[in-house]
Each structure stands twice: as structure tokens, then as C-alpha cells.
Amino acid sequence: IRNFDNFAKDTLDQWIYFLKNEEIKDDFTAKGLKQAKDTLDVLKMNDQERVAYEQHQKQLHHEASLYESSYVLGKLDGITDMAKKMKQKNIPAATISEVTGLSLQEIERL
């Protein structure tokens, strides 16, 4: 690495440049290089910054989980409401099952 002239001719040279200089130039395209830089940036944080970063990441994961849960539950509620309306219109349970993806048992419980 010491003998590397800081001129990246290919993706291997881009990795060597990154390892030597802890920097990624805008035109670098080596696979995985961006992820390596992101990891290095976290590792270079002091303890206080790293704790704040990890708390932020946990919060983002929590928010994504809440969104996904709400979306799935909302979608399921919509399917259930649609199945109820179809059942009220005397549409056969097999047809309701085919359209909604609900089982015959789930439809009978509505």
C-alpha cells in the first residue's frame, strides 16, 4: 500500500486507495466500497457519537416496523371488510376465498 501511487486504474486500485487514504472519490465504482466507508465512518466515531448513532438506527428500525405493521394490519382489515360485504351479497364462500385469499374458515367466522 505504501508504494501505491494514488492513481486508481481499476476497482482493485480503488480499494487500495480507500484503504490508504480512507476516502472514496466520486468516480469510484468498486463493489462494496460505499458500504465499507459507511462502516469505517461509524468505527471512527467517538463513544458519544456512536451511542447517538446507534440510538438513531434503533429508532429508524422501530419506525419502519410500526409502518409495516400498520400497513399489513390495514390491508388485512380492508380485505376482511371486503369479504364481509361479499358475504352479505350472498357471494359463495369459495369465490370470496379465491378473491381475498382468506380461508373458508376465516370467511365463515365473519
Side-chain angles (χ1 to χ4, degrees):
I1 290 179
R2 284 186 218 113
N3 295 331
F4 181 68
D5 63 0
N6 286 330
F7 182 69
K9 298 177 269 314
D10 56 28
T11 55
L12 178 59
D13 287 347
Q14 292 173 9
W15 271 100
I16 295 171
Y17 182 92
F18 168 68
L19 293 171
K20 181 178 179 184
N21 299 295
E22 296 182 5
E23 175 189 359
I24 298 175
K25 293 188 177 182
D26 291 337
D27 61 340
F28 282 6
T29 59
K31 186 176 182 177
L33 199 54
K34 170 93 171 75
Q35 293 85 347
K37 182 185 182 312
D38 292 344
T39 300
L40 181 63
D41 289 345
V42 172
L43 292 173
K44 289 169 51 176
M45 292 178 182
N46 65 40
D47 290 341
Q48 184 178 4
E49 291 170 330
R50 190 174 303 116
V51 167
Y53 173 80
E54 289 171 357
Q55 287 176 342
H56 176 70
Q57 290 297 314
K58 286 179 185 177
Q59 182 63 30
L60 290 177
H61 288 291
H62 178 70
E63 289 173 10
S65 177
L66 288 175
Y67 173 79
E68 185 175 333
S69 297
S70 299
Y71 174 77
V72 170
L73 290 175
K75 187 174 179 180
L76 183 58
D77 286 345
I79 289 171
T80 302
D81 289 344
M82 181 173 59
K84 285 179 184 177
K85 289 177 184 176
M86 292 173 77
K87 192 173 178 182
Q88 289 171 353
K89 299 273 186 192
N90 296 319
I91 296 175
T95 303
I96 298 172
S97 176
E98 184 180 329
V99 171
T100 63
L102 297 173
S103 70
L104 293 175
Q105 294 81 11
E106 290 171 315
I107 293 166
E108 292 304 318
R109 284 192 296 253
L110 297 177

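Quick caveat, the model's predicted, so the values are computed rather than measured. FYI, the numbering just counts along the sequence from 1.
Between the CD atom of Glu108 and the OG atom of Ser97 there is a distance of 10.5 Å, given to the nearest 0.5 Å. Atom CD1 of Ile79 sits about 6.5 Å away from atom CG of Leu102, to the nearest 0.5 Å. A distance of 8.0 Å separates CD1 of Ile107 from CE of Met86, quoted to the nearest 0.5 Å. The distance from the CG atom of Leu33 to the NZ atom of Lys25 is 12.5 Å, given to the nearest 0.5 Å.
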Check against side chain to side chain contact (heavy atoms under 4.5 Å, CB included), Leu60 and Gln57
CA-CA 5 Å; Leu60 290 177; Gln57 290 297 314; 4.1 Å; yes

Show the numbers, then the answer: is there a side chain to side chain contact (heavy atoms under 4.5 Å, CB included) between Phe4 and Asp13? CA-CA 8 Å; Phe4 181 68; Asp13 287 347; 3.9 Å; yes

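Here the closest non-hydrogen pair linking Leu110 and Ala83 is CD1-CB, 3.5 Å. When all heavy atoms are compared, the tightest approach of Ile96 to Ile91 is CD1-O, 3.4 Å.
Across Leu43, Asp47, Val42, a single residue satisfies side chain to side chain contact (heavy atoms under 4.5 Å, CB included) together with Met45, and that is Val42. Tested against Gln59, the residues His62, Glu63, His56 include a single side chain to side chain donor-acceptor pair (under 3.5 Å) partner, Glu63.
Judged by distance alone, with hydrogens and angles left aside, the side-chain atoms of Thr39 form a donor-acceptor pair with the main-chain N or O of Gln35 at under 3.5 Å. No donor-acceptor pair under 3.5 Å is formed between the side chain of Gln14 and the backbone N or O of Phe28.
By the 6.0 Å contact criterion, NZ on Lys44 is enclosed, its count of non-hydrogen atoms from other residues, nucleotides or ligands being greater than 12. For Lys31, the NZ atom is loosely surrounded, since the number of other residues' heavy atoms within 6.0 Å does not exceed 12. Shown here is Lys87, whose NZ atom has more than 12 heavy atoms of other residues, nucleotides or ligands within 6.0 Å. The number of heavy atoms from other shown groups lying within 6.0 Å of NZ (Lys20) is above 12.
No salt bridge links Lys85 with Asp81; every basic N to acidic carboxylate O contact stays at or beyond 4.0 Å.
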